[in-house]
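In what follows, a structure is listed as structure tokens, so that the remarks can point back to it.
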Amino acid sequence: MEYSHDDAELVRQPIGYWSRAASDAVVTRIREVLAGIGTTQPQAWILDRIADAELPPTRDGVIGVLSGYAAAGIDDLEEEIDATIARGWVAQDPDGHLELTAGGKDFYARMALTQAELWQERHRGISDEEYVITLKVLQRFIHNTGGHGRHH
């Protein structure tokens, strides 16, 4: 791969610019591919939360976990949950608990495979060690600037 600058110049490049450019590129690619299989990134997050839960989560519980993602351009998680229900992927009981339907389980398996392929694409040529170092460096930037970052 050809880099934008040599090492002496890269060391002076602004982290804010490059971290934002990386985020924008990754999110744009994920959203394009998910749209191609008929879903949105927030709907994928919702299906993940439901599929990974030991017990059926409540609507409020799913929204609580995902509400921190609002900075990623998600305006209405209620609407996104309603969309997964309307598509027949999720069923909601009278107490607000959410479960994947049979069709939802099938779609989730397809979506999970797509997400795994995207992961491989993003990580091509990047070792696990480099990835961990990158995340630690980004977390250090967050800490050093008084920010807060925590992923579930």
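Here the side chains of Leu138 and Ile15 are in contact, with some heavy-atom distance below 4.5 Å. Counting heavy atoms from C-beta on, the side chains of Val90 and Thr101 never come closer than 4.5 Å. Two residues are said to be in side-chain contact when any heavy atoms from C-beta on lie closer than 4.5 Å; Thr28 and Arg31 fail this criterion. The closest side-chain heavy-atom distance from Gln43 to Met111 is not below 4.5 Å. Using a 4.5 Å heavy-atom cutoff, the side chains of Val62 and Ile81 are in contact. For the pair Gln92/His97, no side-chain contact is recorded, criterion being any heavy-atom separation below 4.5 Å from C-beta on.
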**OP:** Go through Thr114 and Val33 one step at a time and tell me if the side chain to side chain contact (heavy atoms under 4.5 Å, CB included) criterion holds.
**Re:** CA-CA 8 Å; Thr114 299; Val33 171; 3.4 Å; yes
**OP:** Might you work through the side chain to side chain contact (heavy atoms under 4.5 Å, CB included) test for Lys136 and Val132, ending with a clear yes or no?
**Re:** CA-CA 6 Å; Lys136 286 181 175 181; Val132 169; 3.8 Å; yes
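The stretch residues 118-130 participates, sequence neighbours left out, in these side chain to side chain donor-acceptor pair (under 3.5 Å) pairs: Arg29-Glu121, Ser127-Glu130.
Other residues sharing the hydrophobic cluster of Tyr17, ordered by chain and number and joined by side-chain separations under 4.5 Å: Trp18.
Without hydrogens or angle criteria, Arg110 side chain to Asp106 main chain gives no donor-acceptor distance under 3.5 Å.
Here the CG atom belonging to Leu34 is positioned 10.0 Å from the CH2 atom belonging to Trp45, to the nearest 0.5 angstrom. Here the straight-line distance linking atom CD1 of Ile126 with atom OG1 of Thr134 works out to 7.0 Å at 0.5 Å rounding. Between atom CG of residue Asp60 and atom CG of residue Leu77 there is a gap of 11.5 Å, rounded to the nearest 0.5 Å. Atom CD1 in Ile50 sits 11.5 Å away from atom NZ in Lys105 (nearest 0.5 Å). Taken from OG1 in Thr84 to CZ in Phe107, the straight-line distance is 10.5 Å, to the nearest 0.5 Å. Note that CG of Leu55 and CD of Glu99 are 9.5 Å apart. Values are rounded to the nearest 0.5 Å.
When hydrophobic clusters are built by joining Ile, Leu, Val, Met, Phe, Trp and Tyr residues whose side-chain heavy atoms come closer than 4.5 Å, directly or via intermediates, Tyr131 is not grouped with Ile142. Taken together through direct or relayed side-chain contacts under 4.5 Å among Ile, Leu, Val, Met, Phe, Trp and Tyr, Leu10 and Ile133 form parts of separate hydrophobic clusters. Residues Tyr108 and Leu113 fall into different hydrophobic clusters, defined by Ile, Leu, Val, Met, Phe, Trp and Tyr side chains chained together at heavy-atom separations under 4.5 Å. Hydrophobic clustering (ILVMFWY, side-chain heavy atoms < 4.5 Å, transitive): Leu66 and Val26 are in one cluster.
Salt bridge annotation for Asp95-Arg59: absent, with no cationic side-chain nitrogen under 4.0 angstrom from a carboxylate oxygen.
Nearest heavy atom pair, residue Pro57 against residue Ala53, reads CD-CB, 3.7 Å.
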